[in-house]
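Counting convention: from 1, in listed order, for ligands and their atoms alike. Heavy atoms only: backbone and side chains are in, while hydrogens, waters and symmetry mates are out.
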Amino acid sequence: MIEIKNVVYRYESADEDQLPAINDLSLNIEKGEFLAILGHNGSGKSTLAKCLNGLLIPSEGEILIDGMSTSSEEEIWSIREKAGMVFQNPDNQIVATVVEEDVAFGAENLGVPSKELRERVDWALDVVGMTEYVKHAPHQLSGGQKQRVAIAGILAMNPDYIILDEPTAMLDPNGRKEVMETIMKLNREQNKTIILITHYMDEAVKADRVVVMEKGHPILDGAPREVFPQVDSIKKIGLDVPQVTEMAYRLKEKGIPMDTKVLNREEFVEELCRVLAFEI
Ligand SMILES: Nc1ncnc2c1ncn2[C@@H]1O[C@H](COP(=O)(O)OP(=O)(O)OP(=O)(O)O)[C@@H](O)[C@H]1O
Ligand SMILES: [Mg+2]
């Protein structure tokens, strides 16, 4: 479990009058959860992500990863092993000239013995569906493939928690789909706890839980079905909701008794049919 307790984070270079990047944030994230974090630019999402695996240490408050504090110098390596990070730009995450070496890099640095390392790399490449590229040069892969290799590299370190900071932001629709399918597989089949920072609503609806950040603080927290129907609160901070949720919301405003807890086209159509049958 990840426990975030009254965390404040101020960048040293920030102006005196600037609000802290993370401002009194408390959250618990359970093992096995798939959490999506949404928020406008500058709302503190990346800062929070970096705090979760100890790249940044809170100015105030505390973060515990399975009981280990990120502020403790003795535990920081165990924490980095438990909580892996995947970043936005796949090119910046490539460290080797062959896929298998790239995937092995992190685990090798943890001191994993070579026989086990080989097994872990093969397994990780299999999970992300990149086995056939084992001998390829990473820089020749597509964006989505590079990002899956980056995920495999984290996976080979065998973390319980995987934090992904806008992993699909630089990908084309096909790459986005590949990476999202991989992320969902990690959660459902490998039982990894996923913390996915995203700007895409269609990705956030796939999570078990959505946290919406504003000015370094969570303002909404719940299942997508509970959070997204709060259309006005979400729009007020400059974010969108899934198109079908908004449509149901607008119809309801016009007096049509729609349930606004719809998250995809099928649910919308079903709800509309229910309402129409009732009206007739
Ligand atoms: N290295 C830094 N030094 C000073 N201030 C920073 C630094 N990095 C981020 N900030 C500030 O901290 C706040 C939160 O930034 P952060 O990058 O966490 O936001 P974000 O939600 O990830 O935004 P985005 O959606 O654009 O990625 C912003 O006001 C930003 O300007
Ligand atoms: Mg960011």
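Checking Y249 against D232 by side-chain atom types alone, a donor-acceptor pair falls below 3.5 Å. Remark: the Q145 side chain and the E178 side chain contain no N/O donor-acceptor pair separated by less than 3.5 Å. No side-chain N or O of K5 forms a donor-acceptor pair with one of N28 less than 3.5 Å apart. Defined by atom type and a distance below 3.5 Å, a donor-acceptor pair is present between the side-chain atoms of H199 and E166.
In this structure, the side chains of L56 and T47 come closer than 4.5 Å at one or more pairs of heavy atoms. With a 4.5 Å cut-off on side-chain heavy atoms, M68 and E74 do not count as touching. The side-chain heavy atoms of E100 and R118, taken from C-beta on, include a pair separated by under 4.5 Å.
In terms of protein heavy-atom proximity, atom 29 (O) of ligand 1 is nearest to Q18 NE2, 3.7 Å. Protein heavy atom nearest atom 15 (O) of ligand 1, with residue, atom name and distance: T47 OG1, 3.8 Å. Among all protein heavy atoms, the one lying closest to atom 10 (N) of ligand 1 is Y11 CE1, 3.3 Å. Nearest protein heavy-atom contact of atom 17 (O) of ligand 1 is S46 CB, 3.8 Å. Ranking the protein heavy atoms by distance from atom 27 (O) of ligand 1 puts E166 OE2, 3.5 Å first. Counting protein heavy atoms only, atom 14 (C) of ligand 1 is closest to G42 O, 3.4 Å. Annotation: atom 26 (O) of ligand 1 to nearest protein heavy atom, N41 ND2, 3.0 Å. The shortest contact between atom 25 (O) of ligand 1 and any protein heavy atom is with K45 NZ, 2.7 Å.
Considering N191, D66, T193 as possible partners of K31, the one that fulfils the side chain to side chain donor-acceptor pair (under 3.5 Å) test is D66.
Put simply, atom 4 (C) of ligand 1 has protein non-hydrogen atoms near it, under 4.0 Å away.
The nearest N, O or S atom of S46 is closer to the Mg ion (ligand 2) than 2.8 Å.
Those atoms of ligand 1 with a heavy atom of S13 less than 4.0 angstrom away are 3 (N), 4 (C). Close approach to H40 involves these atoms of ligand 1, each under 4.0 Å from a residue heavy atom: 21 (O). Close contacts between ligand 1 and H199 involve ligand atoms 25 (O) [criterion: under 4.0 Å to a heavy atom].
For the pair E189 (side chain) and K185 (backbone), a donor-acceptor distance under 3.5 Å is absent.
L125 and I94 sit in two unconnected hydrophobic clusters of ILVMFWY residues. Membership requires side-chain heavy atoms under 4.5 Å apart, directly or through other members.
No N or O atom of A14 sits closer than 3.5 Å to an N or O atom of ligand 1. For the pair A21 and ligand 1, the shortest N or O to N or O distance does not fall below 3.5 Å.
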